[in-house]
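Data first, discussion second: the structure below is written as structure tokens.
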Amino acid sequence: MEIAKTYNPQEAESKWYPYWTEKNFFKSTPDHRKAYTIVIPPPNVTGVLHMGHMLNNTIQDVLIRRARMLGFNACWVPGTDHASIATEAKVVKLLADQGIKKTDLSREDFLKHAWGWKEKYGGIILEQLKHLGASCDWSRTRFTMEPELSDAVIDVFIDLYNKKKIYRGVRMVNWDPQGLTAVSDEEVIHKEANSKLVYVKYKIENSNEFITVATTRPETIMGDTAVCVNPHDERYTKLKGKNIIVPVVNRVVPIIFDEYVDASFGTGALKVTPAHDINDFNLGQKYKLPVIDALTQDGKISEAAGAYVGMDRFACRKQIIKDLQEQGLVEKIEEIKNKVGYSERTDAVIEPRLSMQWFLKMEDMSKPALEAVLNNDVKLIPEKFINTYKHWMENVHDWCISRQLWWGQQIPAWYDDKGNTVVCKTKQEAFEKLKEQNAEVKFLDIKQDEDVLDTWFSSWLWPLTVFDPDIIKNGWEKANADLKYYYPTNDLVTGPDILFFWIARMIIAGKEYTGLKPFSNVYLTGIVRDKLGRKMSKQLGNSPDPLELISKYGADGVRVGLLLSSPAGNDILFDESHCEQGRNFANKVWNAFRLIQGFEMGTNVSQPEASKTAIEWFSNRLSEQLEIINDHYSKYRMSDALMATYKLVWDDFCAWYLEVIKPEFVDGKAQPIDKITFDATINYLESLLKIMHPWMPFITEEIWHLTKERAEMECIIVAEWPTVNTQNKETLQAFEVVKEVVAQVRNIRQQKNISPKEKLEVKERSDVGEQFSRFDSVVIKLANLSSYSYTKDKVEGAFGFMVMNAEFFVPLTGNINVAEEKERLAKELEYNKGFLRSVQIKLSNERFVSNAKPEIIEVERKKESDALNKIKAIEEQLASL
RNA sequence: GGGAGCUUAGCUCAGCUGGUUCAGAGCACCUGCCUUACAAGCAGGGGGUCACUGGUUCGAACCCAGUAGUUCCCA
């Protein structure tokens, strides 16, 4: 059979993914084996696969595939998140494009549109994950807003309300004027911005004097209800008891004195706008100031402002500055840098706003979750995130869980027309309960709370409800078999940006409802950036399309490319050339296979000595490296595990092992290979394919089936992970010497322009060399020697080099430039003498000898004697020239 | 403003308990090769004051203190 010279990924990908799913290799049901479980961080149902998803899903797939091979019952649960703000915003925009305003629709009609859209486009991202090779159990796919999971969310709300952990109240919240909803503190992203600090003159009542106030938000002047200064600020003590006239609206407001004000910022005088700043709000509470809400919910100037009504807040900011300047009320304008809050979901500038919201008390609930991480019950990888986590958990605020949206789980709170509130699942129940408080209540007058719950209030249950949506209702004792089997899950792989949004809250919910952690290890990936270190974003257009990458480099190539340089917790600077490297590696593997499958087995061929020793070496090498790879995995050092695999295959197997055992050509014809060597080689290839499989699932499955006839279910995806055998350290060391000798001979060829085809002679002068003589045949083959012999005497007229303590000679009479050779040897001698000196200084230092560990001293003594030998040898060589 | 991390070759990173021949890898680079598996390759090679300053130690990339730059988190 003719096999293509380059590997064709598309063919293998389109063949094996369907095969794996048809044969149910991804499917998991509880059995006698130990479970290994990962729940996917559910991507937004409206999302499109980006490089961040590629990275963390590749890692999850590597972990799950290896666990499967190690004999665990591996279960990777996929699904999507309803992402209330993001999805609602998308649907609103889509409807707007069709000329439909959300405000013209009823809640029911809007939700119909939203569900219709979700059914049509939702879950595209899961289809994309299949191209990557993700081995999720698709039969378990979940959606955070499907009825069963929504039920659980409602149950949790009711339960926590009954436990007095959820309350409702008017608070200053982060308002998203574009999404028209409150968002939690965690959903506000603070970015540095260039702002104008405007110094505005406020007239002092009954006087011609002014007090100057510095503000970055002049458009809120209409909401000012006081001016505040620090009581210790001597500049202003004379103003005690005075009133101030707010410009634009000419409102008379008091001047108040409070230590909150920083006398060194601006003019030391602060305008107090209780409706539009949390600190001003607190001052307002303290001094009983009126609250004037000068903005509407969509960020325009409100009726209450009394001026600029209906104008956008930013347009108003410009206009008001201009107008104040014209009135001579602007003293100066400074350019400053400050932090401005943006909505995580809509990128609109957040407006602090007073409103009635639902909150979850976090103080008590966060304690067991903090404990779980601090005592290592839940491990964060890398560990540096423990500090961040601790800091957040110790300073956690109550969680604003209501959102003024329709897409999501509607809050199960019910109100009658007298202001009574009950929390329960159905209107009927609400009716019964409200009757206890209000005997005349009419069923039709009962209204459900209009708001929905924060998306994270559903995703914090994800590791529980994907297995048992009834867990909240039934409790952990009565949990179903799935949950008891798979929970706590093993590893969670996600970005550090959702450490608080999601990870911390899952631990809280897990502890609250099962008393157990939701997962044992959290692997925090970095953020994927472009090679200039910029975050990948649509605006910059620097984010490659993952599916295009896959079609260009193959799924295996992209997987390897992504993981080659992505240490946990560090950002990865993505460069397409990494994928190229991944593709090249796949091609290398492909060609190693081509070589092996082209071997022609001879019936009466005896095994060459070189092949025999190469086999002896490689079996040790394979075990040695596999042990290292296993160790990297156990420490979640993914890049290291991959790199060790890469080098084992490319360097050890291809560059050394295959080069030794590959039959020679005689008269243009490849010689047949002996059976022992052939079988050993196939064996090694199979082991290597298994070790490579988690990284490169497609090519390994493809070659696995090309090496042998396989039964229907005999696939590499379920093959057993190779085991580590004890290694002979001496063999491994000896081969390192072999590599060095071969490299030295090649080096001489390069320097002297001797063709690789010309056979050379090598003589070794050493006391110990012969104990490794079984490796001589390997050297002869790889260095292309005519002979390899031992001598007790030095060899005249030859190039020399040293490896360890042995001297090697390549006789090349007539070819030697004596002066050049002398110079080279002199240099080497100089170096070794210097080295000897430093070792001897160390050894003659009494404090070193008395303080250092004995084995360290032993090493130094060895260095000394080795150096002495080497110097002697070099001197002899020099003398012979 | 508070906190955490990072700074090692041109780039991306290892360096785990302070101790093997003046610090390792991959990529990139340079030189020579289309040698019957692979030019997506082979062989060989060059490249580093371990951010800076000081301290501890027989010994520091590693421990401590300070400085600078940088990233992230929180307010």
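Remember, it's a predicted structure, so these values are computed and weren't measured experimentally. Naming convention: chains lettered A, B, ... in sequence-line order (proteins, then strands); numbering from 1 in each chain.
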Candidate nucleotides C58(B), C38(B), U35(B), ranked by approach to the side chain of R594(A) - the nearest: C38(B)
What nucleotide, of A39(B), A37(B), U36(B), holds the atom closest to the side chain of F665(A)? U36(B)
L658(A) side chain, from C-beta outward: closest of C73(B), C38(B), A37(B): A37(B)
Atom pair distance, as rounded to whole Å: CG in L499(A) and C1' in C72(B): 12 Å
Could you please name the partner base of A4(B), counting Watson-Crick and G-U wobble pairs only when both distances are under 3.5 Å? U71(B)
Euclidean distance, atom CG of residue L563(A) to atom P of C27(B) [Å, nearest integer]: 17 Å
Looking at F653(A) versus Y657(A), is the centre-to-centre ring distance below 6.0 Å? yes
Looking across every strand, which nucleic acid part, if any, lies under 4.0 Å from A586(A) by heavy atom: base, sugar-phosphate, or nothing? nothing
Using the C1' atoms only, state how far C50(B) lies from C13(B), rounded to an integer number of Å. 14 Å
Taking any heavy-atom pair under 4.0 Å as a contact, classify K5(A): base, sugar-phosphate, or nothing. sugar-phosphate
Could you measure between the two P atoms, the one in G46(B) and the one in A23(B), and give it in whole Å? 15 Å
Can you tell me which nucleotide in G5(B), C73(B), C42(B) comes closest to the side chain of W650(A)? C42(B)
Crowded around E11(A) CD? As in, over 12 foreign heavy atoms under 6.0 Å? no
Using both distances under 3.5 Å as the test, list the Watson-Crick or G-U wobble partner of G47(B), or none. none
Give a yes/no verdict on a cation-pi contact between R505(A) and W399(A), requiring under 6.0 Å between NZ or CZ and the six-membered ring centre and an angle within 45° of the axis. yes
Closest to the side chain of T6(A), out of G2(B), A39(B), A40(B), is A40(B)
Applying the 3.5 Å cut-off to both distances, the Watson-Crick or G-U partner of G41(B) turns out to be C33(B)
C1' spacing across the pair C30(B) / G47(B), given as an integer number of angstrom: 11 Å
Among C73(B), A43(B), C38(B), find the nucleotide with the atom closest to the side chain of F500(A). C73(B)
Pairwise 5' ranking along RNA chain B for W392(A) and R637(A), keeping only the more 5' one: R637(A)
Atom C1', compared across A51(B) and A9(B): separation rounded to whole Å: 15 Å
Using a heavy-atom cut-off of under 4.0 Å over every strand shown, decide if Y646(A) touches base, sugar-phosphate, or nothing. sugar-phosphate
Sorted by position of nearest nucleotide on RNA chain B, 5' first, the leading residue of E580(A) and E659(A) is E659(A)
Specify the separation, in whole Å, of atom CD of E858(A) and atom C1' of G19(B). 14 Å
Nearest-nucleotide pick for H391(A), side chain only, options being G2(B), G26(B), A37(B): G2(B)
Base, sugar-phosphate or nothing for D866(A)? Non-hydrogen atoms, less than 4.0 Å. base
What residue among F585(A), W695(A), Y7(A) forms side-chain contact (heavy atoms from CB on, under 4.5 Å) with D556(A)? Y7(A)
Which of G44(B), C27(B), A40(B) is nearest the side chain of Q581(A)? It is C27(B)
N747(A) side chain: which of A40(B), G45(B), G26(B) is closest? G45(B)
Please say whether more than 12 non-hydrogen atoms of neighbouring residues, nucleotides or ligands are located less than 6.0 Å from CD in E383(A). no
Given side chains that start at C-beta, do those of L564(A) and L642(A) come closer than 4.5 Å, heavy atoms only? yes
Let's go through F698(A) and Q10(A) carefully: what are the C-alpha distance in whole Å and the side-chain angles of both, what is the deciding distance for side-chain contact (heavy atoms from CB on, under 4.5 Å) to 0.1 Å, and is it a yes or a no? CA-CA 9 Å; F698(A) 293 108; Q10(A) 280 76 27; over 6 Å; no
What interatomic distance, in whole Å, is found between P of U12(B) and the corresponding atom of U17(B)? 26 Å
Interatomic distance where CE belongs to M643(A) and C1' belongs to U12(B) [whole Å]: 10 Å
N387(A) near the nucleic acid: base, sugar-phosphate alone, or nothing, with a heavy-atom cut-off under 4.0 Å? sugar-phosphate
Measure NZ/K757(A) against P/C33(B) and give the value in whole Å, please. 12 Å
State whether N584(A) places a side-chain N or O below 4.0 Å from either non-bridging phosphate oxygen (OP1 or OP2) of G41(B). yes
Closer than 4.0 angstrom, basic N to acidic O: yes or no for E864(A) and R861(A)? no
Opposite nucleotide pairing with G18(B), Watson-Crick or G-U, both atom distances under 3.5 Å: none
Atom C1', compared across G55(B) and C6(B): separation rounded to whole Å: 23 Å
Checking N1-N3 plus N6-O4 or O6-N4 for Watson-Crick, or N1-O2 and O6-N3 for wobble, each under 3.5 Å, the partner of A9(B) is none
State the pairing partner of G59(B); accept Watson-Crick or G-U wobble contacts with both distances under 3.5 Å, and report none otherwise. none
Would you sort out whether K379(A) and N521(A) count as a side-chain hydrogen bond (donor to acceptor under 3.5 Å, both in side chains), showing the intermediate values? CA-CA 5 Å; K379(A) 285 200 189 82; N521(A) 304 290; 4.5 Å; no
Can you measure D667(A) atom CG to U36(B) atom C1' for me and round it to whole angstrom units? 14 Å
Can you tell me the distance, in whole Å, between the NZ atom of K662(A) and the P atom of A37(B)? 5 Å
C27(B) versus G18(B) - spacing of their C1' atoms, nearest Å: 31 Å
Among A39(B), U35(B), U31(B), which nucleotide sits nearest the side chain of Q750(A)? U31(B)
Could you state the CH2-C1' distance from W502(A) to C73(B), rounded to the nearest angstrom? 20 Å
Considering only atom C1', compute the distance from G2(B) to G15(B) and round it to an integer number of Å. 33 Å
Counting any heavy atom closer than 4.0 Å, what does R746(A) reach on the DNA or RNA strands: base, sugar-phosphate only, or nothing? sugar-phosphate
